[in-house]
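Written below as structure tokens is the structure these notes are about.
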Protein chains: 2
Amino acid sequence: MIEVRVLIVEDEPLIAEDIATALINNDFTVSAIVYSKDDALAELKNNPPDLVVLDINLNGGEEGIEIAKVINEKYFLPFVYLTSYSDKLTLIHAKNTEPAGYIVKPFSDAGLFAAMEIAVYNHAQKSKLRFPELNDDVINRHLPSPLSEREFGVVQLIYNGKTNNQIAEDLFISINTVKAHIKNIHQKLDADSRSTLIARLRKLMTN
Amino acid sequence: MIEVRVLIVEDEPLIAEDIATALINNDFTVSAIVYSKDDALAELKNNPPDLVVLDINLNGGEEGIEIAKVINEKYFLPFVYLTSYSDKLTLIHAKNTEPAGYIVKPFSDAGLFAAMEIAVYNHAQKSKLRFPELNDDVINRHLPSPLSEREFGVVQLIYNGKTNNQIAEDLFISINTVKAHIKNIHQKLDADSRSTLIARLRKLMTN
DNA sequence: GTCTTTATTACCCTTTAGGGTAGTTTTTAG
DNA sequence: CTAAAAACTACCCTAAAGGGTAATAAAGAC
């Protein structure tokens, strides 16, 4: 079991405490409880959690949504809104920030737990989509002259930051051979250095 | 408007033609119509589309689902199932392959169009998650000694395959300065070459 | 105002990478 | 079986990157 650190952003201390207790009972760790947007942003920067519980209506406004936007822009973290079904307009704004879930007040222990679990799970799924492994089919369909299997093997090692020497050792071939392969790879991918090669690979993998 | 090339996999030629006509009427391009799994795989390899319309029940079996699995493993393409609500077990299998949508037979022109639009849109959203831009906050929270703004600027250029000279030109500074920055960056990120640096950046961005 | 961090530059030297040419050995396809 | 493609190797040379040291200027913190 991996520790999940939760940041609670809620301006009503009693509710915040309730949530904290419920979370701890369900094997979560509370990284901090904050009562304002500024404190929330500071916590995100200095003591980043794995998940954020976010009251939509902070200090009478929609500060929760502003925090959500910052999370989406600057941090790759899941967050769940705390909501009491206030006004519909706020809920529309909230939905557009793509929250991992909602906790509706008053909440039950089980409901909280379920929302958190789903949030963590969905975020793990999303994580898998980021920086996927190189795939020869995806790459080759963009190339006039496709990479051979061996060349693709070399490409993967370059992509993972290996030097020519390390590649030679890994593949049990001479460094001269490695260089020859890289020469051909550079031609096929129109690159002239490892780093431009890697940048091009990323591009090919997204299209 | 960008051309969307659609591969149709459907063993009943009449239905396939219907779909093709409807697609063309809705400004899609049909890259090919195939009637078997083997032909579908060949098309994916040799003439890759942007989207696949996939009959679940090909040749009496569940070949459509097998094709879907290959698409998920080897290609990063959205696909929509063609289904006639046959048996529930098949539908469960189909759901597990994460299709971008379903087209239910008999389909209407509008229904087809909607399903395709949604599929294309969702796929574009997913694409954004792949290989995201570097983010200094995300990177710095993993580092004991964070990157300065300038260093992060250099990092981004390295990440995009620029040489030291190009970086110097881009930032209007001396190549010696660039080298000094890179030296510090390497220390902070525990790297000793551009490519290991890039690999490490990827790793930091996913955690 | 001083101290610290960041940014800037220079010089030197070593290692790594990249590009050209050329050759042999496997593998694979027709 | 033969031709073509892919894999492997060597050698040479140039360019780029990386690491050490050191010094000045600018910006921010206290």
Side-chain angles (χ1 to χ4, degrees), chain A residues 42 45-46 134 136-137 139-141 143-202, chain B residues 38 41-42 45-46 134 136-137 139-141 143-202:
Chain A
K45 196 166 191 76
N46 303 321
L134 295 183
D136 53 348
D137 283 290
I139 290 168
N140 280 338
R141 67 173 136 128
L143 300 180
S145 173
L147 296 177
S148 72
E149 278 187 41
R150 195 52 147 179
E151 286 167 347
F152 181 67
V154 173
V155 160
Q156 288 183 94
L157 293 173
I158 290 176
Y159 189 70
N160 288 313
K162 300 284 179 82
T163 66
N164 290 353
N165 255 310
Q166 290 173 319
I167 294 171
E169 282 176 26
D170 279 17
L171 301 181
F172 302 106
I173 56 180
S174 153
I175 189 175
N176 297 304
T177 309
V178 174
K179 286 187 173 189
H181 283 309
I182 293 178
K183 241 176 292 182
N184 296 329
I185 291 165
H186 279 173
Q187 260 202 304
K188 291 184 180 180
L189 277 134
D190 186 31
D192 58 1
S193 74
R194 301 167 114 61
S195 41
T196 57
L197 173 65
I198 294 171
R200 197 165 304 276
L201 288 168
R202 270 204 311 275
Chain B
D38 289 345
L41 297 182
K45 197 167 190 78
N46 302 321
L134 294 183
D136 53 348
D137 283 289
I139 290 168
N140 280 338
R141 66 174 136 128
L143 299 180
S145 171
L147 296 177
S148 72
E149 278 187 42
R150 194 52 148 177
E151 285 167 348
F152 181 66
V154 173
V155 161
Q156 289 183 95
L157 293 173
I158 289 176
Y159 189 70
N160 288 312
K162 300 284 180 82
T163 65
N164 290 353
N165 256 309
Q166 291 173 319
I167 294 171
E169 283 176 26
D170 279 17
L171 301 180
F172 302 105
I173 55 180
S174 152
I175 189 174
N176 297 304
T177 309
V178 174
K179 285 186 173 191
H181 283 310
I182 293 178
K183 243 177 290 184
N184 296 330
I185 291 165
H186 280 174
Q187 260 202 304
K188 291 184 180 179
L189 276 133
D190 186 32
D192 59 359
S193 73
R194 302 168 113 62
S195 42
T196 57
L197 172 65
I198 294 171
R200 197 165 305 277
L201 288 168
R202 271 203 310 275

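In the text below, chain A, chain B and the rest are named by the order of the sequence lines, each starting its count at 1.
Here the P atom of nucleotide D:dA7 and the CD1 atom of A:Ile182 are 14 Å apart, to the nearest Å.
Here the shortest heavy-atom pairing between B:Leu147 and B:Asn140 reads N-OD1, 2.8 Å. Between B:Lys188 and B:Pro146, the shortest heavy-atom contact is NZ-O, 2.9 Å. Residues A:Leu134 and A:Phe152 approach most closely at O-CZ, 3.7 Å, considering heavy atoms.
Every residue two or more places apart in sequence or in another chain that forms a side chain to side chain donor-acceptor pair (under 3.5 Å) with A:Asp137 is listed here: B:Lys45. Every residue two or more places apart in sequence or in another chain that forms a side chain to side chain contact (heavy atoms under 4.5 Å, CB included) with B:Ala199 is listed here: B:Arg202. Applying the side chain to side chain donor-acceptor pair (under 3.5 Å) rule to A:Asn165 yields no partners; only residues at least two apart in sequence or on another chain are considered. Residues meeting the side chain to side chain donor-acceptor pair (under 3.5 Å) test with B:Asn160, sequence neighbours left out: none. Shown here are the side chain to side chain donor-acceptor pair (under 3.5 Å) partners of A:Asp136, two or more places apart in sequence or in another chain: there are none.
For the atom pair OG of B:Ser195 and CG of A:Leu157, the computed distance is 11.0 Å after rounding to the nearest 0.5 Å. Separation of atoms CD1 (B:Ile185) and CD1 (B:Ile158) is listed at 5.0 Å; rounding is to 0.5 Å. The distance from the CD1 atom of A:Ile139 to the CD atom of A:Gln156 is 8.0 Å, given to the nearest 0.5 Å. For the atom pair A:Arg194 CZ and B:Ile198 CD1, the distance stands at 10.0 Å (nearest 0.5 Å).
Residue pairs meeting the side chain to side chain donor-acceptor pair (under 3.5 Å) criterion with at least one partner in residues 170-184 of chain B, sequence neighbours excluded, are B:Lys162-B:Asp170, B:Ser174-B:Asn176.
When atom types are taken as modelled, the side chain of B:Arg200 and the backbone of B:Ala191 share no donor-acceptor pair closer than 3.5 angstrom.
For the helix from C:dG1-D:dC30 to C:dG30-D:dC1, the rotation axes defined at the first and last 5 base pairs enclose an angle of 70°, given to the nearest 10°.
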In the 5'-to-3' direction, what one-character label does each nucleotide of nucleotides 24-30 of chain D receive under the scheme B = base within less than 4.0 Å of a protein heavy atom, S = sugar-phosphate only, - = no such atom? -------

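Nucleotides of DNA chain C with any atom under 4.0 Å from a heavy atom of chain A span, from 5' to 3', C:dA17 to C:dT21.
Along DNA chain C, the nucleotide nearest B:Ser193 and the nucleotide nearest B:Ser148 are compared for position; the residue whose nucleotide lies closer to the 5' end is B:Ser148.
Sorted by residue number, the members of residues 162-169 of chain A with any non-hydrogen atom under 4.0 Å from DNA chain C read A:Thr163, A:Asn164. Residues of residues 151-161 of chain B having a heavy atom closer than 4.0 Å to DNA chain C: none are found.
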Protein-nucleic acid N or O pairs under 3.5 Å, nucleotides 8-15 of chain D:
from   : atom 1 : to       : atom 2 : distance (Å)
D:dC8  : OP1    : A:Arg150 : NE     : 3.4
D:dC8  : OP1    : A:Arg150 : NH2    : 2.9
D:dC8  : OP2    : A:Arg150 : NE     : 2.8
D:dC8  : OP2    : A:His181 : NE2    : 3.1
D:dT9  : OP2    : A:Ser174 : N      : 2.6
D:dT9  : OP2    : A:Thr177 : OG1    : 2.9
D:dT9  : O5'    : A:Thr177 : OG1    : 3.4
D:dA10 : OP2    : A:Ser174 : OG     : 3.1
D:dA10 : OP2    : A:Asn176 : ND2    : 2.9

